[in-house]
Amino acid sequence: MAETTQLTRHIESYVDSSSTPSHQVASLDAIVLLIKTNALTLEALVRELDMYLTSTDTLIRSRGILLLAEVLTRINSISLDSKTIHSLVGFFKERMADWKAVRGALVGCLALIRRKSVVGMVTGSDAKSITQSFLQHLQVQSLGLYDRKLCFELLDYLLEHHVDSIASLEEDLIFGICEAIDAEKDPECLMLAFHIVESLARLYPDPSGLLASFARDVFDLLEPYFPIHFTHQTSGDTHVQRDDLSRTLMSAFASTPVFEPFVIPLLLQKLSSSLHSAKIDSLQYLRVCSSKYGAERIAKYTGAIWSSLKDTLYTYLGEPDFSFTLAPTDGINFPKSEVVVEALSLLQQLIVQNSSQLVSLIIDDEDVNFITNSIASYEMYDTISVQEKKKLHAIGRILYISAKTSIPSCNAVFQSLFLRMMDKLGFSASNIDGLQNGGILASQSVNFGFLYLCIELLSGCRELVILSDEKRETYCTILHSSSAVLFNAFGSVLAVTADRCPSHPDIYIGVKGLQILAMFHLDVFPIPKSTFENILKKFMSIIIEDFGQTVLWNATLKALFHIGSFVQKFSESEKAMSYRSFVVDKIMEMLSLDDIALPFSLKVEALYDIGMTGMKNMLTILQAMEGAIFTNLSEVHSNLTSHETAVQLLECYSCKLLPWILKNGGAEEFVVQFAVDIWNQAGNCMDFNSPFEDKGLLDAMMKAMKVSVGCCSVESQNVTIQKAYSTLSSHTKFQLNDVGRLPLTSGKYDISPRDEGILLLFASVIIALRPKTHIPNIRGLLHLFIITLLKGVVPVAQALGSMLNKLTSKSNGAEKSDELTLEEALDIIFNTKIWFSSNNMLQIYNGSSNGSDIVLTDLCLGITNDRLLQSNAICGLSWIGKGLLLRGHEKIKDITMIFTECLISDRRKTSVPLVEGSLENTEKQKCDPLARKCATEAFHVLMSDAEDCLNRKFHATVRPLYKQRFFSSMMPIFLQLISRSDSLLSRSLLLRAFAHVMSDTPLIVILNEAKKLIPVLLDCLFMLTEDIQDKDILYGLLLVLSGMLTEKNGQEAVIENAHIIINGLIKLVDYPHKTLVRETAIQCLVALSELPHVRIYPLRTQVLQAIFKCLDDTKRSVRNEAVKCRQAWASIASSRSLRF
Amino acid sequence: MERLELKEVQKLEGHTDRVWSLDWNPATGHAGIPLVFASCSGDKTVRIWEQNLSTNLFSCKATLEETHTRTVRSCAWSPSGKLLATASFDATTAIWENVGGEFECVSTLEGHENEVKSVSWNASGTLLATCSRDKSVWIWEVQPGNEFECVSVLQGHTQDVKMVRWHPTEDILFSCSYDNNIKVWADEGDSDDWQCVQTLGEPNNGHTSTVWALSFNASGDKMVTCSDDLTLKVWETEHVGMQSGGGFAPWRHVCTLTGYHDRTIFSVHWSRGGIFASGAADDAIRLFVENNESQVDGPLYKLLLKKEKAHDMDINYVQWSHGEKPLLASASDDGTIKVWDLVS
Amino acid sequence: MMDDLFDSAVNFEEVHFKKGYDEGYSHGLVAGKDEGKQVGLKIGFEVGEELGFYSGCIHIWTSAIQIDPRCFSSRAKTAIAQMKDLIQKYPLMDPEDLQVQEIMDSLRLKFKMICSLLHVKLHYNGYPAEANDTQF
Amino acid sequence: MVSGLINENPVIYERKQRQQRSTQSLPADEYTVEPIDQQEIFDILFFFFLNSIFLDIKDPEHPYSLEELKVITEEAVEVDDQKSYVRVTFTPTVEHCSMATIIGLCLRVKLLRSLPPRYKVDIRVAPGSHATEAAVNKQLNDKERVAAALENPNLVDMVDECLAPSFD
């Protein structure tokens, strides 16, 4: 048939070891395809292969066999008749003896036994015969890694799926497996090997049966691997991680109880070894094994385990962390230690498994008894000896575990140990009852040790009850009866007296104790209402009085918070009630009361923390706070303190409460109300100049206003803006309806502080508005803003910017006719005539121009010789520009033109008719330096991301990639101007401005232009080194450079300028004013060292000499960079000399 | 006594790596011939420095390069001042002749297996000695026409040999080594039969670590050595050179100066005027003189003055110029050479 | 019908085993002998080679001197003479002799010296030069 | 690839977690001086790698850092920034001499390359850790020998290979 020739070709190319792997695979696939398409029968293939299979050339033979095997692997979905399978099995199992061809044999067998029954699978007897021949012929450990892997896979599969058929092999099987595994080192193989052992154990489960007699031998193989320890960290290419391997080994260990006599002693012994991982593993294994082997097998070891557990705890349990930073509920916090964790969970396991035995061990333990008996002597933490502390801590943990693990164990420890300690401290069961009704015990001596253990016990059973639903257990009764005592005990630790202020641990114990008491679930352990309230009282008294004790105070506040959120969470109405009345209300009272000494900042903090316990409380508190704010606002003029108070409250409101509320989803109406109320107040409280003499309060209000408005919906915003507007129009002298004609109150730049205040507040509303919100009398406002911004009121400028940024433009149709469009607004801004009356009164003039009028942009260009006016104009314009830039409006072009005009304007001849009053000093008809500095700053405003306006938080329209666009439009202009600028001053101004632009532009854009930019960029750098003030721009710009250097196509651009750049950077490596600059400069040099050596070699010595100094830089970070850099440059080219 | 001070006359920069050694040209500095010295460095070059008679400042007159392929470790002028021998880590020793201000390499001495570390001319300028890490010391005889013929190869040191010096008047050779010993070599009966006639080692309270350098006083009856053991040792002998009948007058330890330098002392040199200078890895230079206010068991040599931080890094070599008002030159790892004047 | 397919494949070992064994055995014999010999010769050979090399040089030089007594400096001649004696002194037949190493050393020394005297760059390539390059 | 288990030499010690410094230098301490200290020197040294050229380790992809081999420990670094003095004591894991000198050489070279020139450096083999301790120390601190060594291409290559930064 036609195929044969073709087939032989395929076979040849597969068998031919010289042909490339890809070829071999290809031909293999081809053959497989032939079979799948029934163009070739397996039988025919075998016939075709015969000469290869029998060749004496081992290479050919093995390839041949492998081919057959691989084919089989690939056709595992094609059904074969049992006869064929059988004879194939016969063949491959025989081949196992042929050690040259063993690979093929293994692959073949694997392929066969993995077949599913539907496509015809191997019979049990076949499986068995394979196993037999495997055991008879293969010395696994003499094989290569890959073949070993195959062997283990084969064995593993057999044991998984053909158990019954091979079970009868018994000894042979066990021996064979042992032999195979012996001294295996490869992780992947071991994974399988360990699993094999596990299956083996499943195969012969009988604890007194076959495996039992070989247990020793089998285990001898496993033993050396424990604990698993890789000599090199396995990198990505090994798939087996240490932990997986360790886990598999563990399940092998635990696979059968017959290992118990060997495993447990081994583990106990390793547990005492010093190797960290050994300890951890031993503990883990012990846990798992004991659960697998079962209680009675473990019983005889329990004693030993227990004592080594204790030792482990003594050695590994660190100092407890007496701080409240960590989770509130669980027991005492210790530094994380894997060993300890494992040890404790082992203990827990043992208790679960064998409660009575463990409990008695614990209760009768000499250390435990020692501690509990001498408990009375541990009065102060610091007085306890180190050794005994260690014991105390360890025992504490043990009690914690035994309390939380099971009801019986919990009962037991309470009954014996807890009561015993109580006795030792002289609260006999009798007088406990006496204390039931919260009666205060005669002030007892504080006993740290006792309380410490109590906490562990309490938190233990607290966790127990969370899980269990059984109630009224012994321990509950005990607890219940002794709660009062405990309360007293804990409370008294915290007692602050003249002669005694509690130390850290004491505070911790006291607060924590009370907290836990308070946080027991009502239904399980009803601590008397009285006790609960006493606790709250106690805490509150601390809050109010002991604010001197920072630690104590903070701890208490935290505790209160936790209790609060707890009762909220589990809606324990009764407790919640008490909490409200005893904590929340109290706190709110505090606000209004000035008589209590608690510093206000702390009041606010407390307020916030308590509020955070739940929305309900938070809102209550917010009301209180609002109240406080306004009362204070109304009093700002009368007393100074209420001024600061107001500021603090506002800060707290806008930085803490508001965000929290928003995060926890809620209460917009409240926020609106707040904003509106501020406006209500604004009218009154601003009748006076005092509040605004220092900006603090105003800023606080503006901030609060912004955030409140910012987070509101359009509707609410409409409400607010209306309110604000009415206040603005009614309470100020601005007559908004004919702003056009008003001359501002006499005197040059005179707005009353009151009006300014309101105006600013209004501005902050505008800034925070959503685009859709309707702004009343927008024209009037525009005029007002223009004039006021000329007076240097920056927020107004920002507001104007935001307006323009959000107005709908004609192009995409303004919905309502009365809505002012962007275009109209721009027209107003740029074409409104501003008229100077002789007495320098400034007003907007609407009538036909009369020659003596100017527009905003003229002011920017300094027509009026009024530097202040000009600077204000420029600054204002910059915000307007920002607004437009963000939404990507062309107008920005004209605006930037104006700025650049200012920068270069010492070349400019006056083009605009002069205003009277400035005639006499024509030569001053130039942009003065201050104004021009503003112009450079303008570019900073344009490009930088503003915090307090025109950002997403305040709903700005931000066109994607606007920075990129702006940059690409500005770059050519700047480059041209810079190259043409003849005066030093304007050149440096231009550079500075451009520096701003560059440092705020995303790097990608810069990179495309790198070639053109680098020279300018370097000029900027040098210019900026002169003035310390510029160190931050300098850094920003340097980052741009380093960006270029580290980026691929940036480097190309760099090449021809390498010399200048390097020389420049060398100047920067010892820039004294900013470490980061030095660091970055050096990093740049490193990057440069990767340029073609021919170019940079000449500079080598120079660089190295410069870097050499940096090795002795005052800053470590710089030195480290220097080392790298030196290395990089020293390794350039031949010279290996040490110094240079 | 008057306050002496070591004044820095000039700091010479030019070498681009550590300067290992230098040598004043004996034929200069008198009769109106300006002072000249040669320096050699890890930068594989030798530089010739000449003093300007009017300004008294030194400037580099010539740079000898592209002959040695590795560090030039030491250099030595022949007594006539005509020839300059330079020893290099490249296992060769080069001989340079000054032809009208131009220096040309007239001969290369090969034979050492590896780094040549020191070279020295005998008083008459007829013999040249070199030593190397290969533990051997070679003696060469100057033949007519700048030919150099190996007279003898001396094997005796068990470690690399750091320095060789000829006795200022006699044909006796001294070598000091990493093996802590100083060996004295003499030709017993003039049949090229050079033998080690004395070994000054720990047994004869010699040094306990590498001996880096040695130097003789003017009359040649005293020798000072310096070492990694942070000490300087002075040695003396009754009769200079060989006695009648070929007997050899052995050298003996006179005194040990300790506690002056706290890092390896690399160099020591004895001026005609009897002051010897030491330079060490502690960046300091120290001057010592014989202690003539001779109270009983007072120190035989006393510290004349110390110059801390004479250089920024290790000082590898110090040498006094010839003539009665000598200048001191020092060579350092910091790549510079400094010229000092001892003024009061 | 598939079994007989495999028959030949399954028991072809038996056929080839004997053959393989014999081949292997005879191979082993030869190889073993060879190796033994190599080791035996190695040392002796090395020494011989070096000495041979030196005496070779001496032979040439001396004959050169016979042709033209003035061709080398007197020093060179004496050195050559001394080296000649040393070679004769070398106890070829008695590797146990303690002088062996000592003589070999001084031979090498002299050889170096002569090379330098004659300005020739002769080099015995079996010569243990820089033992290994990582020493310093 | 095969990764060995504990019973293979050399034993690798878990790299102990050294506390990271707060690298962020606040503008406040812009001008304050951070003297060179023990940890800094150690950081300079600890990522040295011994490649398979020294230890017969099967796979060169896993060089060990001197630290992992406990060749140097932070304690073994003494530094005095005032006196410009550093002394490093190391413990060769391999009793083989050239090995020790090479490690020592690496340490010295790395320090020479990393420290300001004012520094004096001593490299020592930990007492009792090496057969020819004294010899090694003497050689490592003979700067002439070191200088010569660093003109020997073979050695320099070896050293550079040692100093090649870590892979992970």
Side-chain angles (χ1 to χ4, degrees), chain B residues 17-21 41-44 68-74 88-91 114-118 132-134 158-163 177-180 208-213 227-229 262-264 266-267 280-284 309 311-317 332-336, chain D residues 36 78-89 97-98 100-102 104-105 107-125 127 130-159:
Chain B
D17 197 339
R18 63 155 63 99
V19 187
W20 274 113
S21 177
S41 150
D43 65 11
K44 307 183 180 65
H68 288 303
T69 60
R70 289 179 60 182
T71 289
V72 186
R73 176 62 179 89
S74 104
S88 161
F89 283 177
D90 66 13
N114 47 38
E115 299 92 333
V116 186
K117 298 195 164 176
S118 171
S132 155
R133 202 187 91 210
D134 66 12
T158 61
Q159 290 290 341
D160 72 283
V161 189
K162 293 294 189 187
M163 186 189 238
S177 158
Y178 187 89
D179 67 10
N180 309 356
T208 58
S209 184
T210 309
V211 189
W212 278 97
S227 157
D228 180 53
D229 65 12
D262 55 11
R263 293 189 70 81
T264 311
F266 286 120
S267 174
D282 60 11
D283 308 349
K309 283 268 145 248
H311 280 273
D312 298 341
M313 294 173 76
D314 294 9
I315 295 171
N316 296 325
Y317 203 82
S332 160
D333 276 358
D334 64 20
T336 70
Chain D
I36 296 176
E78 304 157 51
V79 55
D80 180 337
D81 196 44
Q82 256 58 40
K83 296 198 176 65
S84 313
Y85 176 70
V86 175
R87 175 204 193 94
V88 176
T89 311
C97 180
S98 78
T101 43
I102 296 298
L105 189 60
L107 292 171
R108 179 171 284 288
V109 171
K110 182 60 180 178
L111 289 177
L112 280 164
R113 288 176 180 173
S114 312
L115 290 177
R118 63 184 164 91
Y119 262 84
K120 304 291 180 189
V121 178
D122 283 341
I123 307 283
R124 296 248 178 285
V125 178
H130 195 269
T132 55
E133 189 179 318
V136 175
N137 286 337
K138 192 172 184 181
Q139 190 173 2
L140 285 177
N141 294 290
D142 179 322
K143 77 175 193 189
E144 194 185 29
R145 298 276 279 263
V146 172
L150 292 167
E151 287 182 359
N152 171 342
N154 306 307
L155 269 169
V156 176
D157 292 345
M158 199 175 282
V159 169

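Reminder, nothing fancy here: chain letters follow the sequence lines and each chain counts from 1. Remember, it's a predicted structure, so these values are computed and weren't measured experimentally.
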Legend entry - Minimum heavy-atom distance between E151(D) and G42(B), given as atom pair plus value: OE2-O, 4.3 Å
Legend entry - Top contributor to chain D interface from D228(B), T264(B), D312(B), N316(B) [non-hydrogen pairs under 4.5 Å]: N316(B)
Inset, instruction - Give, for atom CZ of R118(D) and atom NZ of K309(B), the distance between the pair rounded to the nearest 0.5 Å. - result: 9.5 Å
Legend entry - Pairs of heavy atoms under 4.5 Å with chain D: top-ranked of W20(B), Y178(B), W212(B): Y178(B)
Inset, instruction - Kindly say whether A281(B) contributes a backbone atom to a donor-acceptor pair with the side chain of K120(D) at under 3.5 angstrom? - result: yes
Inset, instruction - Measure across R263(B) and D122(D) and return the closest heavy-atom pair with its distance rounded to 0.1 Å. - result: NH2-OD1, 2.8 Å
Inset, instruction - State whether the number of non-hydrogen atoms from other residues, nucleotides or ligands found under 6.0 Å of K83(D) atom NZ is greater than 12. - result: no
Legend entry - Between OG1 on residue T210(B) and CD on residue E144(D), distance to nearest 0.5 Å: 9.5 Å
Inset, instruction - Could you pull out all residues at least two apart from D142(D) that satisfy salt bridge (Lys or Arg N to Asp or Glu O under 4.0 Å)? - result: K162(B)
Legend entry - Contacting region of F266(B) [heavy-atom separation from chain D under 4.5 Å]: side chain
Inset, instruction - Please answer whether the main-chain N or O of A148(D) pairs with a side-chain N or O of E115(B) as donor and acceptor at a distance below 3.5 Å. - result: no
Inset, instruction - For the residue pair D333(B) and K143(D), establish whether any side-chain heavy-atom pair is separated by less than 4.5 Å. - result: yes
